[in-house]
Amino acid sequence: MTAVVLAAVVGALFALGTFLLLRRDLIRVVWGLAIISQAANVYLLSMGGIAAGTADSVPILAGHGDHVPETADPLVQALVLTAIVIGFGMTAFALVLSYRVYEEHDTLDVSELGDRE
Amino acid sequence: MRLESTLATGAGIEPTTPLAALPVGSESELVIAPMLVVLVAAVGSLLLGRWPRLRIGVSLAGGAAYAVVVAAIDWYVVLAPDAPGVATYQVGDWPAPFGITLVVDGLSAFMLTMVAILGIASLVFSTRVLPEIDRRSYYFPLFHFLALGVTGAFLTGDLFNLFVWFEVMLMASYIFVAYYGGPQHTRAAFWYVALNLLASAVFLLGVGGIYATTGTLNMADLSQRLADPGAYGLEPAPVVGLFALLLSVFAIKAGLVPFQFWIPTAYRAAPPQISALLAGATKKVGIYAIIRLSFTVLADADVPVELAAPGVGTVIAGDSPLAFIGAVLFVMAAASILVGGIGAVGRDSIEGVFAYSSIGQVGFIALPVAIAATTASAELRHLAIVATLVYALNHTLAKGLLFLAVGAIRSATGTSRLSDLGGLAGRSPPLAIGFFVGSLALVGIPPLSGFFGKFLVFDAAARAESAPLLVLLLVGSLLTIAYATRTWNRSFWGAQTDAVEAASVDAVQVGVVLALATAIVAVGVGFEPVYEFADAAASAALDSEAYIEAVDPVEPGELEGGEH
């Protein structure tokens, strides 16, 4: 059940992100990118397994033998943490850049940007 | 009680465990040295912002130290008579699949060498162009961070760190594309950023899926597990699709058709000496990643794929995902050669010509990879990888030279439009000589480096016994001749235009161009050692056993008996 819900959420996030990415407004495009990268993070997190893991199912815990209590996979969480930080930095940069685009072109409309070749 | 026991067994993978019997020696420290050098240069030049001269001094010293370290790696790890071939550095002494592993083998060393040569040229060039723009800006630190990202991508031994280093490299390149801050620069940068953010998300999907499928991200471990999925209880079928995702990401970085659309605008927007680096170094990261994943990780994978590769006489594989990757690469490379060549012929700005030319040339670089992936013959596979590497080296030198020449032309005349140029040969004969050598290397005239690149690529195609491939390569070469002569004629021959008459060419800029021209001639004339290096690099790329053995990933469960 959790798996289905999670899959639906990830799918919906990707759909929403793609939808926004295809808008004419640059800010929406940045929103789309942010949502897609968060969707990728949720997906990445779910790749560690949804059920509680043990030494058998979580590769990085294998060295601990049987003494590991049921726990989540710590590796994917570390990966997601890194990915979130990178994603934040990139989104901030994209926003600053859109502001700069606005300053240079006086518009945030993609079709108008393209016309001024 | 439970906590205690966890702690007790936790000692199993502590850094001091005897299992972490790592190859500690001079080679081991050498592996991380280029990253440290370039990181120190980056942070050093960042802190010295108030003293522009000192900052440039530190930057140049950093570039020189980087070259020395890379040369040391080339000798001690790859070329010396008793060289080990592969050296690893386990960060923090954690054993392989758990910690971060840095690996250098012939392939990484070859790539690093290209970056070092081009990096120094571009760095020296930058010191002469920048005063006009802004010495106090973050140009030099960013330059080193770009180099850091590229270096990290070549050295890392696991997929997630490859992602991280890609981001480091990209973050610096975003700012360079937007560097001049004018209307077309901001627009180019925005689409460049948007495309790469999307690619990063796709990269994460691939990485996450591979972790879920195989339980590891370490490339050596991955290779080991995919070669024998039964022993590890894996169901490896999704791996082919996940690697297709990764392949699309790497193809974006390499600029292969159909992911080439960002290249012309981005290369035109970035400063020319950075375009040289983008074409010569970051593009090669995409190619490197494709080669590394295809041949070190996937070559022995036991995952059945049923695909017939079109165009090649010997249809192969069957139980290796290489069959699939090879077929896709064939189409991409062929389309790149045509799109890049045809696009380059009609451009009006020199940057435009060379940006499209980059797309075509990367097709030439990727085509032998496709041949190597689909052939059943080990000999041809080896030859094809050598062809790829030699061609890549030539492209790095020639395209680096040409973009720097564009920079010299632009800072002398203020324009790079072919319609505004003419008669540059009379204005600056040394620049003309440098440009001429670069063009000839691109075309592939002996005895320049380009000849051997082109010869090996044709040779690989001929041995694959594929007539369509040969025709394609011939057409691509003719297109190269067409745009190279056209660019040469329109900018260097003919009557001098107003812009050219008023030009004053900077001696140091021309000096850098000539130094690269000398390198191109030297590689062509003394091709023997270069070939040996490329040969060693190709052997390293194809020898996944040596790679696995050097990284030595600990198998799950093996640690348990370590101390208890």
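Every chain is numbered from 1 and lettered A, B, ... according to where its sequence line falls, protein lines coming before strand lines. Just the heavy atoms: all of them, side chains too, but no hydrogens, waters or symmetry mates, feed the values below.
- Contact annotation for B:Ala178: only side-chain heavy atoms (C-beta onward) come within less than 4.5 Å of a heavy atom of chain A.
- B:Gly182 approaches A:Glu104 most closely through the heavy-atom pair C-OE1, 3.9 Å.
- Nearest approach of A:Ala83 to B:Leu204, heavy atoms of both residues: CB-CD1, 3.6 Å.
- In this structure, chain B has no heavy atom under 4.5 Å from any part of A:Tyr99.
- Rounding to the nearest 0.5 angstrom, the gap separating the NE2 atom in B:His185 from the CZ atom in A:Arg100 is 11.0 Å.
- The structure places CG of A:Leu79 at 6.0 Å from CG of B:Leu217, a figure rounded to the nearest 0.5 Å.
- Applying a 4.5 Å heavy-atom cutoff, the residues of residues 157-166 of chain B that approach chain A are B:Phe160, B:Phe163, B:Val164.
- For chain B, no part of A:Leu45 is nearby; none of its heavy atoms comes within less than 4.5 Å.
- Inter-residue side-chain proximity for B:Val193 and A:Met90 is flagged as unmet; no heavy-atom pair is nearer than 4.5 Å.
- Of the inter-residue distances, the one linking A:Phe93 atom CZ with B:Leu197 atom CG reads 9.5 Å to the nearest 0.5 angstrom.
- Both the backbone and the side chain of A:Val101 have a heavy atom closer than 4.5 Å to some heavy atom of chain B.
- For B:Ala201 against A:Ala40, the heavy-atom pair with the smallest separation is O-CB, 3.8 Å.
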Next item on the list: Run the numbers on A:Val30 and B:Phe190 for side chain to side chain contact (heavy atoms under 4.5 Å, CB included), then give the verdict.
Entry: CA-CA 10 Å; A:Val30 176; B:Phe190 189 86; 3.9 Å; yes
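- Among A:Ile86, A:Val76, A:Leu26, A:Ile36, the residue making the largest number of heavy-atom pairs under 4.5 Å with chain B is A:Leu26.
- Proximity to chain A involves both the backbone and the side chain of B:Ile175, based on heavy atoms less than 4.5 angstrom apart.
- With a 4.5 angstrom heavy-atom cutoff, A:Leu33 touches chain B only via side-chain atoms.
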Taking only distance into account, with no hydrogens and no angle test, what donor-acceptor pairs under 3.5 Å do side-chain atoms of residues 207-215 of chain B form with protein atoms, sequence neighbours excluded?
unit_1, atom_1, unit_2, atom_2, d
B:Tyr211, OH, A:Asp73, OD1, 3.4
B:Tyr211, OH, A:Asp73, OD2, 2.5
B:Thr213, OG1, B:Gly209, O, 2.6
B:Thr214, OG1, B:Ile210, O, 2.7
B:Thr214, OG1, B:Thr216, N, 3.4
B:Thr214, OG1, B:Thr216, O, 3.2

